[in-house]
Number of protein chains: 2
Amino acid sequence: MTYTGTLASERSAPRKRDAEATRAAILAAAKHQFAKCGFDGAYLRDIASEAGVDAALINRYFGGKEGLFQAALKDSMFPSVAHWDRKTFGYELAKLMAGHAHQNLERTHAFAFLLQAATNPTTAPMLNVAVQKRFMGPIREWIGGPHAAARARVMASVIIGLLVERLIRDEALKGEERDVFIERAATVLQSLVAS
Amino acid sequence: MTYTGTLASERSAPRKRDAEATRAAILAAAKHQFAKCGFDGAYLRDIASEAGVDAALINRYFGGKEGLFQAALKDSMFPSVAHWDRKTFGYELAKLMAGHAHQNLERTHAFAFLLQAATNPTTAPMLNVAVQKRFMGPIREWIGGPHAAARARVMASVIIGLLVERLIRDEALKGEERDVFIERAATVLQSLVAS
DNA sequence: CGTGTAAGTCATTTCTAAATGACATCGTGC
DNA sequence: GCACGATGTCATTTAGAAATGACTTACACG
């Protein structure tokens, strides 16, 4: 992995001295790099360079790589169904999944970040706590009814699966294939709401 | 990550000089470590030590870490539905997923290995080829009927999702919860076969 | 029984990334 | 406008892993 961002030394004007903005820039770059390369593969130099910042600042602000990761996790979004309409959520969600990657870049990155976190022994423990609290909990509550926990796990599985498939193979679905995909996925998701 | 296996120097009897056996031992250890720690996190020293072998041998036999990974990928199993009974496969598969981790250690490891491979920029390209050929292809054929490709993608998603959920949270399902989980998952899977 | 080669071991080199601390500079408040 | 603290930069240290190549030992074969 080479330096891709703008080198601080190349920048025309040096960065304004704004601690908050700098922190935010680092965090954004970190989430991006962690999502793309995982915890080990994301190098502080690259993150710093992408943020247009000196690498040493990361240590100053976040106290090391792990601290940075924790901050990124805290700042990251979880897929949430809590505000969806019970009647149509299956279709809406399926449509979202079937969309082109560049239409949901933010979501895609956010999820890639979480998946990376899940598959690394260093970060997995931190993630698990967050997942239970910010993903499974809300789904369980939203589903409600008898055996909400078990049903929530199945639903979470399906959502995760759709996301993973989409992430691994970013080959877009088109035309009729896409319609079939959406219809099937929607049916599956919807069937998991009805108690 | 520290040295967990038996150090070669500690072994009572030095390893028998059997190239085939050595190769196999390295490969097994590699799959295990890659599954547990990912490509970057799995250290050749640890793999070697787990295999009861000197690290330099890995380079001799596989020509480096990437070569070792390629060999491990080629040697690894993909989830396959091809031989399942169309009538009962949903239930059988769901039951398998809901089982305790230690009951399916081999499968779990194999899948963890694949997931790790999928989430690493170095290894993802190698994996994608294999997935298409050895996972999506067979499912597509097995499903058959109209729009087999799209329907295969949904089904693959669900299978992957169940596997991932299970992998991330190894908390076992028990009692009634487990029955509900199986029943729901089975229904979902089975609904994807019917054309 | 030797001898040669395949198999295995060890020490060293090279590379790369995280962390650290000394140094420079901005810009704010007096 | 000047001084001091906060912010940013740079050079260096530390650490750890992959790769390399010279070396040693076992085993098969004559």
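Keep in mind that the numbers below use all heavy atoms, side chains included, and drop hydrogens, waters and symmetry copies. The sequence lines fix the lettering, A, B, ..., with proteins before strands; numbering per chain opens at 1.
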Is there a path of hydrophobic side-chain contacts, each under 4.5 Å between heavy atoms, that joins A:F78 and A:M97? yes
If only atom types and distance count, is the side chain of A:R153 paired as donor or acceptor with the main-chain N or O of B:R166 below 3.5 Å? no
Following the transitive rule for hydrophobic clusters with a side-chain heavy-atom cut-off under 4.5 Å over Ile, Leu, Val, Met, Phe, Trp and Tyr, establish whether A:Y91 and A:I159 coincide in one cluster. no
With B:H32 via ring pair (Phe, Tyr, Trp, His ring centres under 6.0 Å) - residues at least two apart: B:H109
Heteroatom pairs (N/O) under 3.5 angstrom, protein to nucleotides 11-15 of chain D:
none

Shortest non-hydrogen contact from B:F113 to B:K31? CD1-O, 4.0 Å
Please evaluate residues B:I160 and B:F135 with respect to the criterion side chain to side chain contact (heavy atoms under 4.5 Å, CB included), reporting the C-alpha separation (whole Å), side-chain torsions for both, the decisive distance (0.1 Å), and the verdict. CA-CA 11 Å; B:I160 291 171; B:F135 182 54; 4.2 Å; yes
Give the rounded distance in Å between these two atoms: CD1 of A:I26 and P of C:dA18. 14 Å
For residues 60-67 of chain B, which residues have at least one heavy atom under 4.0 Å from DNA chain C? B:R60, B:Y61
Can you find a side chain N or O atom of A:T22 that sits less than 4.0 Å from OP1 or OP2 on D:dG8? yes
When rounded to whole Å, the CG to P distance for the pair B:L44 and C:dT14 reads 19 Å
Quick check against the 3.5 Å criterion: does B:Q116 have a side-chain atom that pairs as donor or acceptor with the backbone of A:T119? yes
When rounded to whole Å, the CG to P distance for the pair B:D40 and C:dA18 reads 11 Å
Please give, in whole Å, the distance from D:dA19 C1' to B:I47 CD1? 14 Å
To the nearest Å, give me how far apart CZ (B:R45) and P (C:dT9) are. 16 Å
Starting at CG of B:N59 and ending at C1' of D:dA22, how long is that distance when rounded to a whole Å? 15 Å
Of the candidates D:dG8, C:dT16, D:dA17, the side chain of A:L57 sits closest to D:dG8
Path from B:V188 to A:I182 over hydrophobic side-chain contacts below 4.5 Å: no
Can you see which heavy atom on A:G90 is nearest to which on A:Q190, and at what distance? N-OE1, 3.0 Å
To the nearest Å, how far apart are A:Y43 OH and C:dA19 C1'? 17 Å
Taking for B:F39 and for A:E20 the nucleotide of DNA chain D with the nearest heavy atom, the one nearer the 5' end belongs to A:E20
To the nearest angstrom, how far is B:I58 atom CD1 from C:dC10 atom C1'? 15 Å
